[in-house]
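Within every chain, numbering begins at 1; the chains are lettered A, B, ... in the order of the sequence lines, protein sequences first and strands thereafter.
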Amino acid sequence: MTEVPIRNEIRRLRFDHSEMTQAELADRIGVTRQTVNAIELAKYSPSLEVAFRIAHVFGVALERVFHYEPGAERKRN
Amino acid sequence: MFREQPLSFREQSAWISLLAYAGLYGYYFVTLFGALVAGRAGTFAYSQLLVRVMFLLVVVEVLLQVAISLRSPKEATAPADERERLIALKATGVAFHVVMIGAATICAAIALGAPAFYTTNGLFLAIVLAEVARNTSQVVSFRRDA
């Protein structure tokens, strides 16, 4: 399976927002805490809708949360 | 302090189904195989054992699924999120291939005149293997993302 070439700033943004927990963010965007964790670790690429919801929770533009890095693409098992 | 559960409700559910199916139907097929090896295929009352195993599976599944639902009532009643739906979809695709291979094999066995004992249990084995493959695929996907 190919690892997604999209990096994100969710961990830092959570920290900057009163150390919001993964569970709190998950509640606010309507997914499980494990899904937030998978997104944060770049193991899962969220849908555009969930990506926008995350950006909305932090009050920033989408590109402040996610970055496309073609060079980061690599195989994982 | 509130301690977050490492496994989501749906991963726990997949683990329960996987272990219940593999354990109980594994017992059934091992017992059946033992009867075949001992040359008792014609007299072995497999339908009685199968009914008992199925009943036990329902009891185990209901009890354990209710138990994890009580531990995580919010997650249990919430709809699956997009990642969980994707994992379930992929797992169903894996199970489909397993059941198709099993069905094709049974069709060939019927065409070659295999007795009902073998075709019935062979078809049932294909269904069980498909369910085990489905749950295994889900568990692997959940663990890979953890």
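- Side-chain atoms of B:Glu75 and A:Thr32, non-hydrogen and from C-beta on, do get closer than 4.5 Å to each other.
- By the neighbour-count criterion of 12 heavy atoms within 6.0 Å, atom CZ of A:Arg64 is sparsely surrounded, having that number or fewer from other residues, nucleotides or ligands.
- Remark: B:Phe29 CZ is packed, more than 12 non-hydrogen atoms of other residues, nucleotides or ligands lying under 6.0 Å away.
- Note that OG of A:Ser45 and CZ of B:Arg83 are 12.5 Å apart. Values are rounded to the nearest 0.5 Å.
- Heavy atoms from other residues, nucleotides or ligands lying under 6.0 Å from NE2 of A:His67 number more than 12.
- Residue B:Arg143 places its CZ atom among more than 12 non-hydrogen atoms of other residues, nucleotides or ligands, all under 6.0 Å distant.
- Annotation: side chain of A:Tyr44 is in contact with side chain of B:Glu82 (closest heavy-atom distance under 4.5 Å).
- No more than 12 heavy atoms of other residues, nucleotides or ligands shown are found within 6.0 angstrom of NE2 on A:His56.
- Remark: side-chain polar atoms of B:Asp145 are not paired, donor with acceptor, to backbone N or O of A:Ala38 under 3.5 angstrom.
- Residues B:Glu84 and A:Gln34 form no side-chain contact, since every pair of their non-hydrogen atoms from C-beta on lies 4.5 Å or further apart.
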